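Structure record follows, encoded as structure tokens.
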Amino acid sequence: MIKLLDLNWQYRSIRQEIDDAIHAVIEESGFIGGKHVREFEQAFASFVGTKHCVGVANGTDALEIAIEALELPPQSEIIVPGNSFIASAEAVTRAGHRVVFCDCNETDYCLEPKDVARRITRRTKAIVAVHLYGHPADMAAIDELAHAHGLQVIEDCAQAHGAEFRGRQVGTMGRIAAFSFYPGKNLGAYGDAGAIVTNDDALALRCRMIGNHGRVAKYNHEFEGRNSRLDGIQAAILAVKLRHLKDWTSRRIEVARYYFQRLEGCSGMVLPKVRPGARHVFHLFVIRTERRDALQGYLEAEGVQTGIHYPISLPKLKAYASHGMADEAMRVNQYDGEVLSLPMGEHLSDREVELVASVILEFFRDRSVE
Ligand SMILES: *Cc1c(COP(=O)(O)O)cnc(C)c1O
């Protein structure tokens, strides 16, 4: 079986380092806060290139706390791409605002600036720029819109650790950014974990206080916050894995290059595109075909695991039925029936990537004869 993702393979490759890190936290009882959390926060801020990193309990909280910290007027409209994981939209509603979905473009599947522009009203206060599948959103165009209309930009970097747009890393281009360290992400913990990054001192402090009951010291609660903290064990694991991220990302890019070489020109499907000036870190390698379900079944029968991200666009979800956008003629409402995620990650050998590619070529060759 060729897996879409193989976390056990990764653990086996760094077992001793991980085991030592976990034991150190337990020996020191450094479960909440403390040195392991501080060290990881510093290392991650330095990796991204921001002044601050605030560890939180998960990526959804990172988004929600980041939006809350911006202190926008209640029920502001915030534009969110219609193709993402629900958390990108959920955080907006949970923070007391209104989700307005926008379309994606057909190049990189990130939000389409022209469609964002169309949806801006007097009540619009922010844009959630999701760097989907590991490809950076078009931050130049988004920045231009934000400036023209006085909007805040929140980057959702949950799928894009280390991705770049015109030489700048994701997480450094908006006012504030959220990362997820869900186990399957490019940098994943051994449980839930997330982080907020920003260059803004006051925003960073506010995020830290929101996630820690509205306080900085032990019992001086200045307002009501909540409990959303990165724990010591996850921080120690993430610190170990952060040291390997560069190599793992290079391998992802190599695997992608191999898929591109082998599948280029294969008719019946659309390969992902990398925009000029973008560094795509391939959290997912997503192809598009009208025969998606048949191809997925064919790959499955040949022992190749695939995924669908996402099978139902956000506007079509029951959770957003009241928005009435399920039937809008948007790409996001069509692509959910066509996208397929191929196996991707540092666990794949050249031979396995070759096998996946040849099964796909075989599928489309067989079909064209019919
Ligand atoms: C995973 C993900 C999140 C949420 O992160 P969690 O850590 O699972 O809460 C948010 N946005 C996107 C685009 C994601 O892929």
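Order of listing sets the numbers, starting from 1, for every ligand and every atom in it. Treat the numbers as computed from the prediction; the structure is a model and nothing was measured. Heavy-atom basis, side chains included; hydrogens, waters and symmetry copies ignored.
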Inset, instruction - For this output row, return yes or no: ring centroids of Phe181 and Phe44 closer than 6.0 angstrom. - result: yes
[X]-[Y] side chain donor-acceptor pair, cut-off 3.5 Å:
X	Y	answer
Asn199	Thr50	no
Asn83	Tyr133	no
Tyr109	Arg288	yes

Inset, instruction - For atom 11 (N) of ligand 1, find the nearest protein heavy atom and state the residue, atom name and distance (0.1 Å precision). - result: Asp156 OD2, 2.8 Å
Inset, instruction - Using a strict cut-off of 4.0 Å, indicate which atoms of ligand 1 neighbour a heavy atom of Ser88. - result: 11 (N), 13 (C)
Inset, instruction - Provide the number and element of each atom of ligand 1 under 4.0 Å from a heavy atom of Ser84. - result: 13 (C)
Inset, instruction - Examine Arg206 relative to Phe223 and say whether NZ or CZ is less than 6.0 Å from the centre of the six-membered ring and inside a 45° cone about the ring axis. - result: yes
Looking at ligand 1, does any of its N/O atoms fall within less than 3.5 Å of an N/O of [X]?
X	result
Thr60	yes
Ala87	no
Ser180	yes

Inset, instruction - Look at atom 2 (C) of ligand 1 and find which of His309, Lys185, Gln159 reaches it with the closest heavy atom. - result: Lys185
Inset, instruction - Evaluate whether atom CD of Glu224 has more than 12 neighbouring non-hydrogen atoms of other residues, nucleotides or ligands under 6.0 angstrom away. - result: no
